[in-house]
There are 2 protein chains.
Amino acid sequence: MNSGSPYYSHAASHHVAVDCVIFGFDGEQIKLLLFKRQVEPLKYCWSLIGGFIKNNENIEDGVNRVLRDLVGLENIFLEQFRCYGKSDRDPGGRVISIGHYALIPLKDHELNVVESFQGKWFTFEEIPELILDHNQMVNEAKNKLKDKAKQIPIGFELLSDKFTLPELKKVYDSIFERTLDNRNFRKKVLSLGILEKLNEKDKSTSKKGAWLYRFNMEEFEQYKNNEHLLSNPRIFWM
Amino acid sequence: MNSGSPYYSHAASHHVAVDCVIFGFDGEQIKLLLFKRQVEPLKYCWSLIGGFIKNNENIEDGVNRVLRDLVGLENIFLEQFRCYGKSDRDPGGRVISIGHYALIPLKDHELNVVESFQGKWFTFEEIPELILDHNQMVNEAKNKLKDKAKQIPIGFELLSDKFTLPELKKVYDSIFERTLDNRNFRKKVLSLGILEKLNEKDKSTSKKGAWLYRFNMEEFEQYKNNEHLLSNPRIFWM
DNA sequence: TCAAAAGTGTTCAAGTTACACCCATGT
DNA sequence: ACATGGGTGTAACTTGAACACTTTTGA
């Protein structure tokens, strides 16, 4: 089962897995997709979705395979955040796991995946006890998401192509687990100049309707090269 | 060579390594510790220090072992920043590597390690071509260090117990690869209230001498729980 | 006495926070 | 007509940025 290394055959080998913390926004709040584990040990316990990396398979490809085959997800935001390597973390055997988090627009990827694989969406408050160190992974992924959201406008990854500002605000309220000030939020987001206002309203959540916006990738690229990120040390030490 | 997993024996196994980007501050600037690789393939090429994770060895313990045995370093700041998993990244065989960075006070750990293991300290400008994806690792570690330095006062890890403000400023100049404003820097650092001024001057770099300070761990802990980190979303999007 | 590094305050601009009412529309 | 969610501006405050001279002392 070893990939057969001419030079390193003296070295130990280990199973390497990927685990995915999948965040989805349902229009109201961010939820987490969890699954009933299908294999021993700890069969039927709640767990993150994951899988083993194969021979000659890039880790990135491995995560994408797992998400495609087991959950039906493709082309979504995906990033690794930490590697879990305690030798006794899995009673089923020594497994080194590379933690990833994914962001998906719930509206696009409808929830059929859920039923077919015994998956379920949980709010942060509802998260049950998970196997192994998966609760720790979830917490660390949540923190990573907060950090990331402070650095780049990542909220869009949780929404469909078109979205309203009230929706976007709910995404951020949910990420930061607090209620942002509405006026300040709109001011800030709009000031970035990376949103394109459409001539269309979404009336699904109110009678007045809320204007739809689209994320403008090109202006965002411009924006990123805009000294900001580069020159600003801003020793934060918050 | 496999750790023998009762449940997961169907899954592939891989060599797992750790690689370390070691940052050290020599009183003037931050440097990087690189080594001439001692094994085939690519023997004698410049490389990060690294090693394979053993059976039943926690990854954290593995990194510490590598640093202790190969470089003589113990009890230093150490953090993983990313996992490198391309299946063809190493011509010697499939190796998944977990990238770490370390911060050491050069004055404390004298440079004897360097000679014994064909190591050499390089400024950022001098960094040669490294094996595999190690140049990428170095760049990503540098960025991680910048990010980290914006979040928490990490500069102290690169200095001995006692240090002067001019030294500390050089550390940050070096991390951010720019020259910070001296007065603003001192104002900010001192305002945190986590430095303890000693009744002692360091006269090694000037006739007037610079006051020595010590990092106050307790006040820092207080400081960390000080709403800042918790309440401040401050959507940055710099 | 002078060269070399250490130390010190103020002003202005920018960014962040707090806060309350009117608007549009479907029922 | 009214209930519901969408939308808007200003003033106080906090933070960051720019900037130049004095102090100390060993050689």
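Order of the sequence lines sets the chain letters (A, B, ...), proteins ahead of strands, with each chain counted from 1.
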[X] side chain near [Y] side chain, heavy-atom distance below 4.5 Å:
| X | Y | answer |
| --- | --- | --- |
| B:Phe124 | B:Ile30 | yes |
| A:His100 | A:Ile59 | yes |
| A:Lys144 | A:Arg82 | no |
| B:Tyr101 | B:Lys148 | yes |

Quiz prompt | Base versus backbone protein contacts along nucleotides 22-27 of chain D [heavy-atom cut-off under 4.0 Å; B, S, -] | solution = -BBBB-
Over how many whole Å does the gap from [X] atom [atom1] to [N] atom [atom2] extend?
| X | N | atom1 | atom2 | result |
| --- | --- | --- | --- | --- |
| A:Asn182 | C:dC22 | CG | P | 17 Å |
| B:Lys170 | C:dA6 | NZ | C1' | 11 Å |
| B:Arg186 | D:dA17 | CZ | C1' | 18 Å |
| A:Phe185 | C:dC19 | CZ | C1' | 18 Å |
| A:Leu168 | D:dG7 | CG | C1' | 15 Å |
| B:Asp181 | C:dT11 | CG | P | 17 Å |
| B:Lys188 | C:dT8 | NZ | C1' | 19 Å |
| B:Leu212 | C:dG7 | CG | C1' | 15 Å |

Exercise. Answer with base, sugar-phosphate or nothing: what part of the nucleic acid does B:Thr205 contact at a heavy-atom distance below 4.0 Å?
Key: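 Sugar-phosphate, no base atom in range.
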Exercise. Say whether A:Thr164 and A:Asp202, considering side chains only, have a donor N or O and an acceptor N or O under 3.5 Å apart.
Key: no
Got a donor-acceptor pair under 3.5 Å from the side chain of [X] to the base of [N]?
| X | N | result |
| --- | --- | --- |
| A:Arg183 | C:dA20 | yes |
| B:Asn184 | D:dA18 | yes |
| B:Lys187 | C:dT10 | yes |

Exercise. Please list, chain by chain and in numerical order, all residues satisfying side-chain contact (heavy atoms from CB on, under 4.5 Å) with A:Glu28, sequence neighbours excluded.
Key: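 side-chain contact (heavy atoms from CB on, under 4.5 Å) check on A:Glu28 returns A:Asp26, A:Lys170.
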Quiz prompt | B:Lys36: partners by side-chain hydrogen bond (donor to acceptor under 3.5 Å, both in side chains), with sequence neighbours left out | solution = none
